Amino acid sequence: MTPRDTVSLGVGAAVRSRFPIFEHTTYANSCSQGALSLDVRQAYEEYLAGWDEHGAEWEHWVERAESARATFARLVGAETEEVAVTTSVSQAVSGVVSALPLEQGRDRIVISEFEFPTVGQIAHAQELRGAEIVHVRPDPDGRIPLERFAEAIDERTALVCCTAISYRTGYRLDVAGVAELAHERGALCLADSYQAAGAVPLDVRALGVDFLTAGTVKYLLASAGLAFMFVRRDLHARLLPTQTGWFADEDIFQMDISDYSPSASARRFDAGTPPVPNIYAGIAGMGLIESVGVAAVEMHVRTLVARLLTGLVALGARIATPLGDGEYGPLVCVVSTDPAALVEELAAERIVTSSRDANLRISLHLYNVEEDVDAIVRVLEKHRHLLAS
Ligand SMILES: Cc1ncc(COP(=O)(O)O)c(C=O)c1O
């Protein structure tokens, strides 16, 4: 696919044929798992073929991990040395907190109420080390205005965790604003951007964050077991993760068990053997996003979301996602009287969605087209009684 194809055909139509699921299904669940492409399938086959042909391909596998690191760095406007390759966001966040002294005077972790469970649970695990966890709750309208963060962050705060886009409501937080508040009070800021990476442009410099995490399962179009973390360059020397492993060492193949000498770069937040098959898949998935360009993906999805919102408003549906300028991305959440039943009814018509809390989650990505949106709205109309008013 060339950029010219994407311009003349529209992103969705141009890329769609690379995702076999659309031959029989309307897929609108990228917030849970991106659709499988021919490219990712082929990447797994390449991994297996190389293993078959050469046995242990360690040098090549390490090179692939470095290529994945560089690709993610390009996607978020970071330098390659500022990116850690991990198996999950959980590993990345655990690495960060393991590097924080959480001493008296700087012993608080502030988390937004929209954090993925893993971030909340890792934060609360630090209570065992004497930390105090402060939650920033949304207002009744589903927004978390910066004032709420300002009330929660103080001189005792070591780390502020916010999520770029909520997996529960699709609400897009003002990450740059949160990072600024954190820094004003001497705290660090981590933005979990799993629900944003690949769908909306992310620029770590513009956001001003210290850490930014994401994995490849969702809008980066690959599979489980691969994630990344941006760590701002000037923090590297200061942060010594005690959750570590040999791939975080300054010289991986020195095999030295006599000391702890972590890499000088963000690789100090890597850990054990890299998740090689997932790295092959991740490079292919991120490659698709790069070939289209995140800005083009966002524009395409914005048009589809506008069409969806028009349909939902016409049905009189109650939309849980705040809809102000810049307050949402690819995920739209609709309040349902029985979300599990609604997901089932859609599935019966070969439309894949998901639910969280009382909300139906509809997420759109580069491969979706207007016909998908129209099909979803038609089925919702048929089951209008399952939508809250
Ligand atoms: C916002 C967010 N963070 C984190 C995760 C997953 O974290 P991990 O990679 O630790 O499984 C998800 C996945 O559903 C997510 O939506």
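Values in this document were obtained by computation on a predicted structure and should not be read as measured data. Atoms within each ligand, like the ligands themselves, are counted from 1 in listed order.
Judged as a salt bridge (charged side-chain N to carboxylate O under 4.0 Å, His left out), and not counting sequence neighbours, the contacts of E66 are R69. Annotation: side-chain contact (heavy atoms from CB on, under 4.5 Å) contacts of E57 (sequence neighbours excluded): H54, H60, W61, Y280.
A salt bridge is absent between D107 and R129; no separation between the charged side-chain nitrogens and carboxylate oxygens falls under 4.0 Å.
More than 12 heavy atoms of other shown residues, nucleotides or ligands fall within 6.0 angstrom of atom CD in E184. In the displayed structure, E132 atom CD is contacted under 6.0 Å by more than 12 heavy atoms of other residues, nucleotides or ligands.
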Sequence neighbours excluded and cut-off under 3.5 Å, please list the side-chain donor-acceptor pairs for residues 239-246, or say none.
residue: T242; atom: OG1; partner: S98; partner atom: O; Å: 3.3
residue: Q243; atom: NE2; partner: Q91; partner atom: O; Å: 3.0

List of N/O pairs, ligand 1 versus protein, all under 3.5 Å?
residue: ligand 1; atom: 3 (N); partner: D192; partner atom: OD2; Å: 2.6
residue: ligand 1; atom: 9 (O); partner: V89; partner atom: N; Å: 2.8
residue: ligand 1; atom: 10 (O); partner: V89; partner atom: N; Å: 3.3
residue: ligand 1; atom: 10 (O); partner: S90; partner atom: N; Å: 2.8
residue: ligand 1; atom: 10 (O); partner: S90; partner atom: OG; Å: 2.4
residue: ligand 1; atom: 14 (O); partner: K218; partner atom: NZ; Å: 2.8
residue: ligand 1; atom: 16 (O); partner: Q195; partner atom: NE2; Å: 2.9

